[in-house]
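Just so it is clear, the structure is predicted and the values come from calculations on it, not from any experiment.
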There are 4 protein chains.
Amino acid sequence: MRAKSLTEQARRAQIVAAAIEVLAELGYGATSFKQIAARAGLSSTGLISYHFKGKQELVDSVYAEVRRTFTEFVLERMDHSATAAGELRAFLSANLRFLRAHRAHMVALAQVRPHVSAADSADDDHRKMADLLRQGQRRGEFREFDADTVAIFVLALRNGVLARAGDHPEVDLDLCERELITVVELATRRG
Amino acid sequence: MRAKSLTEQARRAQIVAAAIEVLAELGYGATSFKQIAARAGLSSTGLISYHFKGKQELVDSVYAEVRRTFTEFVLERMDHSATAAGELRAFLSANLRFLRAHRAHMVALAQVRPHVSAADSADDDHRKMADLLRQGQRRGEFREFDADTVAIFVLALRNGVLARAGDHPEVDLDLCERELITVVELATRRG
Amino acid sequence: MRAKSLTEQARRAQIVAAAIEVLAELGYGATSFKQIAARAGLSSTGLISYHFKGKQELVDSVYAEVRRTFTEFVLERMDHSATAAGELRAFLSANLRFLRAHRAHMVALAQVRPHVSAADSADDDHRKMADLLRQGQRRGEFREFDADTVAIFVLALRNGVLARAGDHPEVDLDLCERELITVVELATRRG
Amino acid sequence: MRAKSLTEQARRAQIVAAAIEVLAELGYGATSFKQIAARAGLSSTGLISYHFKGKQELVDSVYAEVRRTFTEFVLERMDHSATAAGELRAFLSANLRFLRAHRAHMVALAQVRPHVSAADSADDDHRKMADLLRQGQRRGEFREFDADTVAIFVLALRNGVLARAGDHPEVDLDLCERELITVVELATRRG
DNA sequence: CATGAATGAGGATTCATTCAT
DNA sequence: TATGAATGAATCCTCATTCAT
């Protein structure tokens, strides 16, 4: 595993970026190396194979890149000082804002997720969310519930809203954000 | 649109059933006529083309069949006499039980949905759910919220749970069902 | 080689008629058993295979039928009593009239000719035409020319006009007929 | 519409040449990518699809190539300085000589013409011929006739002779050429 | 590094034909 | 005889990948 040169890194990033755009526009099934190469302004699909061992590595790279961008975006907007409830709220907020800022990433993520080989890193999300919920329970902010199960719910809400909003541009994201926060609060708070 | 003979219907059903299995096991991308024919014990992919005008018709038929099975299953278990809250509860219950009874159908549905040509019948679901919620609001069972938005949430919960449980067999569906009902009740009830 | 029953004959005729229509409308390449069966109101392509040993026999039958109809039509309108020049004129006339009366047959003939297996019966035409020309020469009606070569020309004119008129409905067949007769007369007459 | 590299051009030319040979030998119906690839010494039909967007583009390319060769051949042998009658004679001459020099092209042309997508360029031929005839009439070389109709005849003669000679190698092309020129002259000249 | 030509497996689909009923 | 279901070869085409330059 040699270190990647700068050019190498730049090319990979360029290809991944193009792949994200194509995935968002055409969907996974229609996303071929040809399309990606065209979008990236490359003159040969061979270059993609040169930089990525195979389609799978490209898919995984796309996934990793979207995740990285997403995580960074969310982390910047999380409220770390405060309560678990506050963090949860911030998390949901950040997600909806990410959709507004990077819709293509969001759609590409949905397209790519079923084909990612990596030990499902959606599990990471799940674990972190469950931990946050448990923390809130220990602090007495949240009622008693099975944290793993409710973690599924919270992430399901997140994913579902993103999916719906991705397909239906008419969805009012501000309204959605407020209602989502309300719903999650009602569902989790103590008393 | 001629009537289909009995044999015809049987073959189509057999092919659709095989397609559902293959979709559930291999995913949409790997579901070729070859795979389906093999699974169905057919000697030629030509036979699929003989019974279905094209891949799209097969995909749509799979979707329709899963939907039919699903709707029937859910309807049998719905509580029509009672309150909107009761109906909502019954709906969620039925969904989880369907997953237990017909896991392959559920997974195939997820695989097939993005490729269905029919005017997105996910919108049907949405509309019905929103109507149910509005009815509950008029009857004073539910608090004030934007019904269309919360409909997104309820269906998102349903879809997310099914997806998660589809991938993670260790999920305790009974527990999941109870928590889900609790969460939705907390999120929607008045007061 | 058993004699064909009446039903058999009728069925064959029906299939051939349907084939002629399809050939005229869709061209040879798009003329499949499926199309023919549909046109003939048959419920199975198998029936075609049952009545014709293979596609080739059907093609040949179509050719034979069109030829038969055509020859009969032309013969009825030929002027047998008179001069060779008169016969030639009558032949050309009859051809153009046949096009008007049976355009589908004419087009189907053109479609089918390249695929007919029969020892090219276009040669028959050629031989007969050359004979007629030679007869005219012997009688002193026609100038000296190589009859076989000019036979090619006369038939070429016939075929070309039919082809053109088949494709271009705006062609004035009356005008065409007059000019054609004039041209052939100028080209063949003595002196 | 990017410029084609030299290799690209060469391959395309090679494939087109192979297609012409196959078309001439087997006819349109039997001319598959497989046959063409085999004839061209290619290891895969995929290569044809790589160089041509589809079968239609290949067919059109074959047509264009044959047309190009043909036009070039004829133009080189046309007598531009002289009378309309002279030009007409030169045109007919050149056509017959082309058949001798490039029989395969000629046969392939006939095979391919019905499947060419281009706005029927046989109409071009027709228009040019009619113009030539009208010019001759204005100059007093030709008798009065309907130029559009006689243009059909001239081209019909050309096509018919080529077709006949294509199928029947025993046709004496020299004789044919002389007779053809005589016939056309008799049919068109004034007085 | 980058190019673009080449490869061959695999895709859906159409077709004439066969066969049991 | 007639039906319609079944067959398997053949069609064009797309794809990821490889390789010489």
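- Contact between C/Ile36 and C/Ala18 at its shortest, heavy atoms only, is O-CB, 3.8 Å.
- Applying a 4.0 Å cut-off to non-hydrogen atoms, none of the residues of residues 15-29 of chain C approaches DNA chain E.
- Atom CZ in D/Arg11 sits 11.0 Å away from atom OG in D/Ser5 (nearest 0.5 Å).
- Each of B/Val59, B/Leu47, B/Val16 was compared with B/Phe52 under the side-chain contact (heavy atoms from CB on, under 4.5 Å) criterion, and only B/Val16 meets it.
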Query raised in the report: When Watson-Crick pairs (N1 to N3 and N6-O4 or O6-N4) and G-U wobble pairs (N1-O2 and O6-N3) count only below 3.5 Å on both distances, what is the dot-bracket string of DNA chain E, with | for other-strand pairs?
Result: .||||||||||||||||||||
Taking N or O atoms only and anything under 3.5 Å, show me the protein contacts with nucleotides 16-19 of chain E, one pair per line.
residue : atom : partner : partner atom : Å
E/dA16  : OP1  : C/Lys55 : NZ           : 3.2
E/dA16  : OP2  : C/Phe33 : N            : 2.8
E/dT17  : OP2  : C/Lys55 : N            : 2.9
E/dT17  : O4   : C/Thr45 : OG1          : 3.2

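- Distance CD1 (D/Ile36) to P (F/dT11): 11 Å, rounded to an integer number of Å.
- Qualifying side chain to side chain donor-acceptor pair (under 3.5 Å) partners for D/Thr71, counting only residues two or more places apart in sequence or in other chains: none.
- In terms of heavy-atom proximity, A/Gly166 sits nearest to A/Arg103 at O-NH1, 3.5 Å.
- At distances below 3.5 Å, not a single donor-acceptor pair connects side-chain atoms of D/Gln111 with backbone N or O atoms of D/Gly27.
- The separation between B/Ile48 atom CD1 and F/dA6 atom P is 12 Å, rounded to whole Å.
- In this structure A/Asp60 satisfies the side chain to side chain donor-acceptor pair (under 3.5 Å) test together with A/Gln56, A/Ser117, sequence neighbours excluded.
- For B/Tyr63, the side chain to side chain donor-acceptor pair (under 3.5 Å) partners two or more places apart in sequence, or in a different chain, are B/Arg67, B/Ser121.
- In this structure, NE2 of D/His115 is placed 15 Å from C1' of F/dC12, rounded to the nearest angstrom.
- The nearest pair of heavy atoms linking A/Arg12 to A/His51 is NH1-O, 2.9 Å.
- For E/dG4, the OP1/OP2 oxygens have no side-chain nitrogen or oxygen of D/Thr7 closer than 4.0 Å.
- Taking atom CZ of residue B/Arg11 and atom C1' of nucleotide F/dA6, one finds them 8 Å apart after rounding to whole Å.
- Taking only side-chain nitrogens and oxygens, B/His51 never comes nearer than 4.0 Å to OP1 or OP2 of F/dG4.
- Comparing C/Gly41 and B/Leu42 along DNA chain F, the residue whose closest nucleotide (by nearest heavy atom) sits nearer the 5' end is C/Gly41.
- Distances shorter than 4.0 Å separate none of the side-chain N or O atoms of B/Ser43 from OP1 or OP2 on F/dA6.
- B/Thr69 and B/Glu65 are linked by a side-chain donor-acceptor pair at a separation below 3.5 angstrom, with hydrogens and angles left out of the test.
- Formation of a donor-acceptor pair under 3.5 Å by the C/Gln14 side chain with backbone atoms of C/Ala40 is found in this model.
- As rounded to whole Å, 13 Å separates atom C1' of E/dG4 from atom CG of D/Leu6.
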